[in-house]
Amino acid sequence: MNRQTVNICAIGFCSFTLFSGYFALADIQKTLLVSAHDDNTNFNVDGYTLAGVTYSSFAISLFLVPSIISLIGPRLTMFIGAACYVAPPITILLENSWLLYIAGSLNGIGAALMVTATSTYIVLNSTEETLARNSALWWFLYQCGQFPGNLFTYLTFKNVTLKIDETTRHHVLFVLTGIMATGALMHLFLREVHGEGKEPPATPWQALRKTWDIALSRNTAILFAAFGYCGLHMSFIMGIYGSSIGFTLQIGEGVKRLVPLSAILIGCGEVSGGVLVQIFGNVKIRRINVFFVVAVILNCFFYLMVFLSLPGNANFGNSNQKSIIEPRIWLLLLASYSFGLGDSFLNIQFYSLIGSLHPTDSASGFSIFKIVRTAFTAASFYYGRYLPLPTLLLVLAIFGALGMIAFNVVSVIHERKKPADKH
């Protein structure tokens, strides 16, 4: 195993540990906050609004991240970003509303630092030939983080029915905080790397200018809908879908345990996607990216299944409303797996395409992708408080179709240019 592959595995294990805690927290955050409010009416924080604040801060911060990476390097940037993830669970324990919103903003800033620096680190350890493979390898390890924390919460919620009691909440938060803190510290032990011909621009100002140039480019304009769809789908599977299952009281007692179980199945789908891309690589038919097309079609089919199986108001809170068809747990969990699989396909193809489009300015390229994606994620969490579930699903389907077309337009044009660039 060469040095670059070892580095990819190392950053994968760091991400695995950090997100073992964070994924579990994100999946149960809405239900935790509802239960905490039932015990303490002065603590009134809506989970969707908190997520919206986090992702808004994330999007705003992303423009400056390439400059920070050029100044202190990706390794230190990742550590600082990872440390910010610990703020929300600590403040949930304190049950202070305004402090939690501040912590959510800090989490957003940390996420901006973390994800862009991680993407840069992967590109610096890759060549044009190994980028897709390395992206899939990191994605596989990163998404394995869906399992430990969610499995822990699933077992912890064994006796929970309609409300999560204070002792159980605190126990879960203490454990998840410890896992995330360990993951943050692990980033300090990564190797510093400088890919030949891929170094970040010499100064923070140059990095900022390059980010702005990429933001105004034709490719970014075409990919806008595709980036946006990725963000909308991420918000749906990271908070809205699991909560909607947990609020559907028609399913019966023990419905809250389905929230972490759904997250585990999403994680299985994410990991399966990484494995499939590793095996088959970037499959193209007439330069059209097959994985991206399959992801959108699969997602849209299960959006329809969710529309039929869950009440229209299930995303707002506990609902006794009847759905169009009787909710079948196996179908809802199969949808979870498929949503994870689709999300994996989407993100890996984006990592590969952007790294190929901007091999010498990867930090700036990934930053623009994350800005647009995160802005749509934040918007989805904000309007998710007011729009019923069927409307959210319709928006997802429309953007999915537009994004599929946009992604393949850029991909096909870029593939056609490659042979000409070599001559």
Side-chain angles (χ1 to χ4, degrees), residues 27-31 34 46-48 51 154 157 160-163 228-270 293-343 345-346 376-377 379-404:
D27 291 324
I28 63 172
Q29 184 170 265
K30 174 80 173 179
T31 48
V34 168
D46 179 79
Y48 295 157
Y154 175 74
F157 290 173
V160 172
T161 54
L162 301 180
K163 176 186 167 184
Y229 173 63
C230 194
L232 294 176
H233 184 69
M234 183 172 71
S235 68
F236 183 69
I237 66 174
M238 284 289 288
I240 296 174
Y241 180 58
S243 298
S244 298
I245 294 175
F247 290 141
T248 303
L249 302 184
Q250 182 184 354
I251 294 174
E253 287 192 5
V255 67
K256 301 303 181 188
R257 294 189 76 196
L258 293 181
V259 179
L261 187 58
S262 170
I264 291 171
L265 267 295
I266 289 172
C268 290
E270 299 277 11
V293 173
V294 169
V296 173
I297 293 174
L298 194 65
N299 286 344
C300 286
F301 173 77
F302 280 100
Y303 295 153
L304 176 61
M305 294 300 101
V306 172
F307 165 71
L308 296 172
S309 302
L310 296 182
N313 63 351
N315 56 311
F316 299 140
N318 289 332
S319 171
N320 286 300
Q321 189 181 93
K322 299 295 182 181
S323 53
I324 296 175
I325 64 174
E326 185 178 348
R328 291 175 173 82
I329 293 176
W330 67 267
L331 181 60
L332 295 172
L333 295 179
L334 179 60
S336 299
Y337 175 83
S338 299
F339 288 147
L341 185 67
D343 185 62
F345 285 166
L346 294 174
F376 273 82
T377 301
S380 178
F381 278 120
Y382 285 132
Y383 67 64
R385 290 187 62 191
Y386 307 103
L387 298 181
L389 189 59
T391 305
L392 300 184
L393 295 168
L394 178 61
V395 171
L396 281 163
I398 292 171
F399 268 90
L402 294 174
M404 180 176 64

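Below, each value reflects all heavy atoms present in this structure, side chains not excepted, and no hydrogens, waters or symmetry copies.
Taking 4.5 Å as the limit, some side-chain heavy atom of Cys300 sits within range of a side-chain heavy atom of Val296. Using a 4.5 Å heavy-atom cutoff, the side chains of Leu341 and Leu298 are in contact. Under the 4.5 Å side-chain criterion, counting only non-hydrogen atoms from C-beta, Glu270 is in contact with Ile237. With contacts defined as side-chain heavy-atom distances shorter than 4.5 Å, the pair Leu332/Ser309 qualifies.
How far CD1 of Ile266 is from CZ of Phe236: 8.5 Å, rounded to the nearest 0.5 Å. Going from atom CH2 of Trp330 over to atom CG of Leu265 covers 13.0 Å, rounded to the nearest 0.5 Å. To the nearest 0.5 Å, the span separating CD1 on Ile325 from CZ on Phe307 amounts to 10.5 Å. Between Leu392 atom CG and Ile240 atom CD1 the span is 5.5 Å, to the nearest 0.5 Å. Rounding to the nearest 0.5 Å places CD1 of Ile245 at 9.0 Å from CG of Leu261. Annotation: the span from Leu389 atom CG to Ser243 atom OG amounts to 11.0 Å, rounded to 0.5 Å.
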side-chain contact (heavy atoms from CB on, under 4.5 Å) between Leu334 and Phe302, intermediate numbers included: CA-CA 9 Å; Leu334 179 60; Phe302 280 100; 3.9 Å; yes
Checking Asn299 against Leu396 for the side-chain contact (heavy atoms from CB on, under 4.5 Å) test, could you report, in this order, the C-alpha distance in whole Å, the side-chain angles of both residues, the deciding distance, and whether it holds? CA-CA 9 Å; Asn299 286 344; Leu396 281 163; over 6 Å; no
Audit row: Val259, Phe157, side-chain contact (heavy atoms from CB on, under 4.5 Å) steps and yes/no: CA-CA 10 Å; Val259 179; Phe157 290 173; over 6 Å; no
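Shown here for Ser323 and Gln250, the closest heavy-atom pair between the two residues is N-OE1, 3.3 Å. Taking every heavy atom of both residues into account, Ser319 and Ala314 meet most closely at CB-CA, 4.4 Å. Residue Ser244 comes nearest to Leu310 through the heavy atom pair CB-CD1, 4.0 Å, listed as atom of the first residue, atom of the second, then distance.
For the ring pair (Phe, Tyr, Trp, His ring centres under 6.0 Å) test with Tyr303, the passing option among Tyr241, Phe339, Phe399 is Phe339; the others fail.
The backbone N or O of Gly384 sits less than 3.5 Å from a side-chain atom of Asn315, completing a donor-acceptor pair.
In Glu326, the CD atom is not crowded: 12 or fewer heavy atoms of neighbouring residues, nucleotides or ligands sit closer than 6.0 Å.
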